[in-house]
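In what follows, a single structure is set out as structure tokens and then discussed.
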Amino acid sequence: MEGANSGGDGDGDSDGGDRPWQSYHTVYTTAKAGMEGVDKEKVQRVVYEMSKGSKYFQNEERKEAFINQKIQNLRIQCAKLTQADLVHYRKVADRRIVELEASRDLSRIWLHVDMDAFYAAVETLSNPTLQGKPMAVGSMSMISTANYEARKFGVRAAMPGFIARKLCPELIFVPTDFKKYTYYSDLTRKVFRIYDPNFVAGSLDEAYLDITEVCKERNVNSEEIAQELRAGVYEETGLTCSAGVAPNRLLAKVCSDINKPNGQYVLPNDRMAVMTFVSSLPIRKIGGIGKVTEHILKGVFEINTCEQMLEKSSYLYAVLSQPTAEFFCSVGLGLGQKDSPQVRFRKSISNERTFSATEDEVLLHKKLVELAEMLSADMQKEGLCGRTLTLKLKTASFEVRTRAVTLQKYISSSEDILKHAKKLLKAELPISVRLIGLRVSQFNGDKCSATPDPTQKTITNFITSGDVNRNCSSFPDVADLDFVSDAETNLSIANGQTSQLDWRDPFVGNYLSDGDHQSCIVQKNDGVEEVQTPSNDATSSHYSGFTEGSTSFQGQFEGINVMNESKLREGARLNSRCQETTMLWLNDYKCSLCGIELPPSFVEERLEHSDFHLAEKLQKEESRIHQPYVPSRSRNQKDGITRQSKSKKQKLSKKEGKYTPIDSFFVKK
DNA sequence: GCGGATCAC
DNA sequence: TATGGTGATCCGC
């Protein structure tokens with residue numbers, strides 16, 4: 001609202017001035033519930049002092065600079081628009097706004113419930129001595145939730161504990177205990193179900209209810225329903241919650257935040273009321289508009305409130321992608337999203353762990369084994385098989401990288417996962433990382449059936465074709481072509497059986513969401529749902545038992561046998577060459593084939609050198625298969641080493657990361 | 001399909 | 001000492 005950072009924001013103000021902390025934008029300093037009367041200047045200063053100079057901080061600065069460049073670019077684009085352009089885009093925007101307006105639906109009454117400081121409140125319930133004392137759920141490195149006493153000090157969710165303790169030395173830390181939260185969450189849902197058996201759970205502590213019918217049947221207004229529901233939740237759990245009522249979910253969510261904690265706000269189903277409400281609403285309150293989007297909208301278009309989205313709509317349509325512009329306009333009109341289907345399918349499953357940064361390959365390999373085991377277990381629990389595996393790395397400097405392979409067969413066993421994960425990781429070595437993650441996506445339509453859980457209710461809508469098992473790991477391996485990972489994706493995918501329900505709601509997404517799209521809840525037709533909760537409690541058991549069995553990474557590293565495969569097609573060759581360029585250099589220094597030493601910075605020389613070996617290999621090959629090969633310097637490699645002959649600025653080794661051009665993001669072509 | 005990024009909780 | 005984990009989506013290749 002009156003946010004400390006809203007003053008001269010986005011002008012590159014006061015950098016290096018007497019108040020450097022003002023330019024350090026964090027997620028947790030934005031004014032939210034319970035932050036009234038907080039000395040924001042002091043909080044901001046402490047956060048800055050604690051962070052300054054750290055690797056994390058430096059990365060934040062890098063990202064910030066990147067965003068500022070985007071803003072600059074967009075500003076230039078706007079400035080370049082001619083009068084004629086503006087007239088045109090004014091028309092485009094106006095037409096769309098009329099259409100959007102016509103789609104306005106005021107027939108439903110939505111209620112959003114949000115538990116107050118949920119985790120903290122539950123912990124206080126189970127340990128009443130915490131009552132009235134500043135307390136946070138989480139650890140020294142990260143806080144999940146802080147109670148309202150702690151919030152008075154500026155302590156907030158997503159803030160690292162050691163900073164929170166600086167802000168509030170008496171702060172009590174309580175470790176997270178998801179079993180407890182799930183238990184109480186279930187209790188609240190018992191109450192929700194009374195008012196809407198098909199309610200949509202957003203997470204453990206919030207839900208959307210369509211209360212249209214209850215209001216009608218019982219002939220009571222929404223305010224009374226909200227009161228009653230909150231009282232019911234309190235009676236059932238001893239916990240307080242807040243509620244918001246509005247014609248759509250997007251607005252209901254905004255409303256539940258207004259009188260938090262232990263309050264409610266009703267926005268009537270009336271067009272004027274909605275427009276008035278939205279006119280002064282800061283854009284950051286909208287679900288889907290986060291720190292970066294807010295920054296851009298302010299910096300480029302000087303948009304601070306939702307109403308201003310309509311005022312600037314011609315510029316939005318001129319410079320942003322159409323769906324993005326459209327979302328902002330619909331927000332300006334106070335519209336929600338179209339109804340989402342009752343049943344939603346999980347699209348990926350993943351796990352990741354942070355540890356103290358290391359470049360010890362044996363250690364990294366061990367982490368990978370553990371992750372693969374855990375992921376496989378989770379997948380089997382859910383009966384999932386997928387064909388895309390993604391490795392995520394966070395370097396010691398907090399840069400995040402992902403590397404993916406899409407396979408021809410569906411996998412779920414830890415052996416399969418590990419096999420491919422190792423290849424992906426190997427290509428990145430040497431590297432110092434602080435986090436490794438694995439994700440599997442592109443599921444086979446149905447459960448993999450390895451060990452079906454009889455107690456698990458199946459979703460009837462699923463297509464259960466006889467093909468289901470064909471691709472699963474229970475079948476014998478097909479020829480292992482996997483190392484030419486990218487080439488595989490070029491092969492036509494065998495009769496893609498997409499039983500994944502591929503619905504696409506134009507109003508769901510990054511900028512197109514009212515917040516429930518990230519729901520991990522599968523809501524059944526009968527109203528029963530299953531919740532995927534982060535099972536932190538389970539990790540310890542996973543870790544034990546995998547402490548040994550780490551095979552040396554080094555041992556498998558010498559192979560350049562990628563090139564020995566004889567019947568690779570042209571595409572496969574280029575890709576294997578791409579792999580080779582990354583695998584060729586032992587310890588990123590020494591050629592594994594001839595022993596010549598070339599430091600990573602000699603990018604051109606190294607490429608030349610690998611070309612040499614490649615040509616050598618191919619010549620041998622060509623004597624067998626008759627296929628000409630022209631070493632091409634113009635082809636870009638997928639591994640990020642862009643080949644530009646003259647530039648030594650491309651020295652950036654992969655370790656240091658590559659930076660994509662600014663102009664791409666957010667800009668319409 | 002891949003990779004970088006944003007967002008929410 | 002020290003800045004999380006899971007899942008989803010979008011954009012531009």
Side-chain angles (χ1 to χ4, degrees), chain A residues 26-28 47 50-51 54-57 59-60 63 66-67 70 114 118-119 138-145 157-166 176 178 201-206 253 286-296 320-321 323-324 327 344-354 356 378 387-388 390-392 394 398-406 434-435 437 439 441-442 485-486 488-490 493 504-505 508-521 532-536 539 636 638-640 657-661 663-669:
Chain A
T26 56
V27 275
Y28 33 76
V47 170
M50 296 294 287
S51 303
S54 68
K55 293 270 175 56
Y56 174 83
F57 181 87
N59 190 250
E60 288 299 300
K63 291 198 297 189
F66 194 80
I67 293 165
K70 282 179 210 158
D114 198 331
F118 185 53
Y119 298 173
S139 70
M140 252 349 165
S141 34
M142 190 52 62
I143 285 175
S144 296
T145 314
M159 179 182 277
F162 67 93
I163 294 181
R165 195 177 52 180
K166 189 80 173 185
T176 50
F178 279 96
S203 62
L204 284 183
D205 76 324
E206 61 179 84
K253 172 124 172 89
I286 301 294
I289 299 183
K291 186 185 77 165
V292 173
T293 309
E294 177 191 35
H295 201 154
I296 288 171
L320 304 180
S321 75
T324 306
F327 169 65
R344 320 186 65 148
F345 298 102
R346 172 207 273 284
K347 294 186 177 58
S348 72
I349 185 166
S350 68
N351 59 1
E352 61 186 56
R353 288 292 173 272
T354 295
S356 54
D378 289 348
R387 49 189 283 269
T388 297
T390 306
L391 171 74
K392 174 175 170 181
K394 195 189 282 179
F398 284 85
E399 181 208 344
V400 175
R401 274 187 223 174
T402 60
R403 296 290 178 264
V405 226
T406 299
R434 69 192 320 282
L435 172 147
R439 177 168 70 248
S441 51
Q442 298 258 26
S485 52
D486 290 327
E488 257 190 286
T489 61
N490 293 336
I493 307 306
R504 224 170 259 290
D505 183 338
V508 169
N510 215 353
Y511 302 98
L512 315 175
S513 138
D514 71 356
D516 66 356
H517 69 276
Q518 72 273 16
S519 155
C520 353
I521 291 174
Q532 312 302 329
T533 64
S535 57
N536 288 8
T539 57
N636 280 358
K638 273 215 147 176
D639 64 2
K658 72 164 189 190
Y659 301 107
T660 44
D663 53 15
S664 58
F665 177 81
F666 232 86
V667 181
K668 186 174 162 181
K669 281 244 145 179

Which part of the nucleic acid, if any, lies within contact of [X], taking any heavy atom under 4.0 Å across all strands shown: a base, the sugar-phosphate backbone alone, or nothing?
{"X": "A/Ile143", "value": "nothing"}
{"X": "A/Lys394", "value": "sugar-phosphate"}
{"X": "A/Ser144", "value": "nothing"}
{"X": "A/Lys63", "value": "nothing"}

Using OP1 and OP2 only, check whether a side-chain N or O of [X] sits under 4.0 Å from [N].
{"X": "A/Thr406", "N": "B/dC2", "answer": "yes"}
{"X": "A/Thr293", "N": "B/dT6", "answer": "no"}
{"X": "A/Thr402", "N": "B/dG4", "answer": "yes"}
{"X": "A/Ser321", "N": "C/dC11", "answer": "yes"}
{"X": "A/Arg439", "N": "C/dG7", "answer": "no"}
{"X": "A/Ser203", "N": "B/dA8", "answer": "no"}
{"X": "A/Thr324", "N": "C/dC10", "answer": "no"}
{"X": "A/Arg353", "N": "C/dT6", "answer": "yes"}
{"X": "A/Arg401", "N": "B/dC2", "answer": "no"}

Round to a whole Å and report the spacing from [atom1] of [X] to [atom2] of [N].
{"X": "A/Lys166", "N": "C/dT1", "atom1": "NZ", "atom2": "C1'", "value": "14 Å"}
{"X": "A/Phe66", "N": "B/dG3", "atom1": "CZ", "atom2": "C1'", "value": "12 Å"}
{"X": "A/Arg403", "N": "B/dG3", "atom1": "CZ", "atom2": "C1'", "value": "7 Å"}
{"X": "A/Ile163", "N": "C/dG4", "atom1": "CD1", "atom2": "P", "value": "11 Å"}
{"X": "A/Lys392", "N": "B/dT6", "atom1": "NZ", "atom2": "P", "value": "13 Å"}
{"X": "A/Arg346", "N": "C/dG5", "atom1": "CZ", "atom2": "P", "value": "17 Å"}
{"X": "A/Arg387", "N": "B/dC2", "atom1": "CZ", "atom2": "C1'", "value": "13 Å"}
{"X": "A/Glu206", "N": "B/dC7", "atom1": "CD", "atom2": "C1'", "value": "13 Å"}

From the set [options], return the single nucleotide nearest to any side-chain atom of [X].
{"X": "A/Lys347", "options": "C/dT6, B/dC9, C/dA8", "value": "C/dA8"}
{"X": "A/Met140", "options": "B/dG3, C/dA2, B/dT6", "value": "C/dA2"}
{"X": "A/Val292", "options": "B/dC7, C/dT6, B/dC9", "value": "B/dC7"}
{"X": "A/Ile67", "options": "C/dC11, C/dG7, B/dT6", "value": "B/dT6"}
{"X": "A/Met142", "options": "B/dG3, B/dA8, C/dG4", "value": "C/dG4"}
{"X": "A/Asp205", "options": "B/dC9, C/dG7, B/dG3", "value": "B/dC9"}
{"X": "A/Thr354", "options": "B/dG3, C/dA8, C/dG4", "value": "C/dG4"}
{"X": "A/Lys253", "options": "B/dG4, C/dA8, B/dA8", "value": "B/dA8"}

Exercise for the section: Before giving the answer on side-chain contact (heavy atoms from CB on, under 4.5 Å), spell out for A/Val47 and A/Met159 the whole-Å C-alpha distance, their side-chain angles and the decisive distance to 0.1 Å. Expected result: CA-CA 9 Å; A/Val47 170; A/Met159 179 182 277; 4.3 Å; yes
Exercise for the section: Could you tell me which residues satisfy side-chain hydrogen bond (donor to acceptor under 3.5 Å, both in side chains) with A/Ser141, sequence neighbours excluded, listed by chain and number? Expected result: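 A/Ser141 satisfies side-chain hydrogen bond (donor to acceptor under 3.5 Å, both in side chains) with A/Ser139 only.
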Handout entry: Results of side-chain hydrogen bond (donor to acceptor under 3.5 Å, both in side chains) for A/Lys392 - residues two or more places apart only
Key =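 For A/Lys392, the residues satisfying side-chain hydrogen bond (donor to acceptor under 3.5 Å, both in side chains) (neighbours in sequence not counted) are A/Glu352.
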Exercise for the section: Would you kindly say whether A/Thr324 and A/Ser321 are connected by a side-chain donor-acceptor distance under 3.5 Å? Expected result: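 The answer is yes; a qualifying pair exists.
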Problem - Reported OH-to-CG distance for the pair A/Tyr119 and A/Leu204, which is rounded to 0.5 angstrom - result: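 One gets 5.0 Å once the value is rounded to the nearest 0.5 Å.
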Exercise for the section: Find which nucleotide of DNA chain C each of A/Ile349 and A/Ser141 is nearest to by heavy atoms, and output the residue with the more 5' nucleotide. Expected result: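 It is A/Ser141 whose nearest nucleotide is closer to the 5' end.
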Problem - Position toward the 5' end of DNA chain C (nearest nucleotide), A/Glu352 or A/Ser54 - result: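 Between the two, 5'-proximity favours A/Ser54.
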Exercise for the section: Check whether any side-chain heavy atom of A/Lys63 sits under 4.5 Å from a side-chain heavy atom of A/Val292, and report yes or no. Expected result: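 No. Closest side-chain heavy atoms not under 4.5 Å.
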Handout entry: salt_bridge(A/Lys291, A/Glu294) N-O dist < 4.0 Å
Key =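 Looking at A/Glu294 together with A/Lys291, the answer is no, because their closest N to O distance does not fall below 4.0 Å.
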Problem - Nearest-nucleotide 5' precedence on DNA chain B, A/Val400 against A/Asp114 - result: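 Counting from the 5' end, the first nearest nucleotide belongs to A/Val400.
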